[in-house]
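These notes concern the structure reproduced below.
Chain letters run A, B, ... following the sequence lines, proteins first, then strands; residues in each count from 1. Computed from heavy atoms alone, side chains included, the values below leave out hydrogens, waters and symmetry copies.
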Protein chains: 2
Amino acid sequence: MTGTNLTPLNVWRRAMVDNVRRDAPDLSARQMAALLTVYMTAPPHTVRGLASRLNVSKPAITRALDRLSELGLARRKADPRDGRSVLVQRTVKGSVYLSEFAELIAAAERDGAAQARLGGASSMRR
Amino acid sequence: MTGTNLTPLNVWRRAMVDNVRRDAPDLSARQMAALLTVYMTAPPHTVRGLASRLNVSKPAITRALDRLSELGLARRKADPRDGRSVLVQRTVKGSVYLSEFAELIAAAERDGAAQARLGGASSMRR
DNA sequence: CCAATTCGTTCCGGCTGCGAATCGAAATTA
DNA sequence: TAATTTCGATTCGCAGCCGGAACGAATTGG
């Protein structure tokens, strides 16, 4: 009965567990949210824009960008129109990273659907 | 064109961003993975079992359980059969938390599908 | 030209999670 | 019973992220 309700969550669980199991550098929720936003929404992306979109402080975005740059998953570029602004740009490495992540989610969807048919959801006990 | 490939990832992005935007106590990846495993896979759940399943050390699980207990999302119970073991149990609060999270993902799926039709994925630039 | 505003970064103390080693309690083995 | 093994918790020093305040640089407005 609860199986239908939990299916998308089960996909999330599988992807989450697989991600934790990897040795891959694990990004914090904020870092991941920033990375995904940069790659999957229309540019340009600025520090203040990301801060506003994610509802966090600007220093938090600066720190996230420090980390992402350090990993080569994104990079900063001076805005030619406004010297104060910083444009956040994509990298090849970041594209690869997200492609792999997408595949991890896809795999979780496939396996999750298979397991749901076996009734693996179990009951919700108090 | 790339939209098809990115759709599941886009759902992940939306859920991730929405989750970051909330003031809700944000769990680390490990904590979330542990929580999901406890609620969505068959009991019993022990520290060593979770450590093995998530491929992390036992102290890491102990710390995660400390945090989850503190938030009321899970609780420990002595194993009546083996005094050394600890059984990790579900709570009502945890069930509510995950239900809300599932709804957040479902909303992301709905909105993500709508946006994909508008071509919001944009191109992958080097 | 000079003040006010905007933008991103840096500094500050504090908190949390990390791995590795160690611990005591409980169970198992001999 | 005595030695060993297993289980989870605890301790240690360390690294990373936190929010808020203050900062320098660039732009804007009078």
Go through residues 28-36 of chain A and report each residue with a non-hydrogen atom lying under 4.0 Å from DNA chain C, sorted by number.
-> none
Rounded off to whole Å, could you give me the CG-to-P distance for the L54(A) and dC18(D) pair?
-> 11 Å
Applying salt bridge (Lys or Arg N to Asp or Glu O under 4.0 Å) to E103(A) and not counting sequence neighbours gives R110(A)
With distance as the sole criterion, is a donor-acceptor pair present between the side chains of N19(A) and R22(A) under 3.5 Å?
-> no
Not counting sequence neighbours, which residues clear side chain to side chain donor-acceptor pair (under 3.5 Å) with N55(A)? List them please.
-> none
Establish whether L36(A) and L104(A) are linked, either directly or via other cluster members, by ILVMFWY side-chain heavy-atom contacts under 4.5 Å.
-> no
Can you check each nucleotide of nucleotides 22-30 of chain D against protein heavy atoms at under 4.0 Å and return B for base, S for sugar-phosphate only, - for none, in 5' to 3' order?
-> ----BS---
Using the six-membered ring wherever Trp is involved, compare the ring planes of W12(B) and F101(A) and label them parallel, tilted or perpendicular (cut-offs 30° and 60°).
-> perpendicular
Residue set satisfying side chain to side chain contact (heavy atoms under 4.5 Å, CB included) with P44(A), at least two apart, ordered chain then number -> L87(A)
With heavy atoms under 4.0 Å as the rule, sort S85(A) into base, sugar-phosphate or nothing.
-> sugar-phosphate
Side chain to side chain donor-acceptor pair (under 3.5 Å) partners of R84(B), counting only residues at least two apart = D82(B)
Give a yes or no answer on whether the side chain of E100(B) reaches the backbone of Y97(B) with a donor-acceptor pair at less than 3.5 Å.
-> no
Under 4.0 Å from any atom of DNA chain C, heavy atoms only: list the residues of residues 64-74 of chain B that qualify, in numerical order.
-> R67(B)
Residues in salt bridge (Lys or Arg N to Asp or Glu O under 4.0 Å) with R48(B), at least two apart?
-> none
Hey, what do you get for CG (N10(B)) to CD1 (I105(A)), rounding to the nearest 0.5 Å?
-> 10.0 Å
Could you give the CZ-to-P distance, from R63(B) to dC12(D), as a whole number of Å?
-> 14 Å
For D26(A), salt bridge (Lys or Arg N to Asp or Glu O under 4.0 Å) partners two or more places apart | none
S57(A) side chain N/O closer than 4.0 Å to the phosphate oxygens (OP1, OP2) of dG19(D)?
-> yes
Relative to the 5' end of DNA chain C, which residue comes earlier, D26(A) or G49(A), by the nucleotide with the nearest heavy atom?
-> G49(A)
Under the side chain to side chain contact (heavy atoms under 4.5 Å, CB included) test, residues paired with A33(B) that sit two or more places apart = M16(A), V17(A), V20(A), L54(B)
With sequence neighbours excluded, what pairs up with R67(B) under the side chain to side chain donor-acceptor pair (under 3.5 Å) test?
-> E70(B)
Along DNA chain C, 5' to 3', what are the outermost nucleotides having an atom less than 4.0 Å from a heavy atom of chain A?
-> dT6(C) to dT10(C)
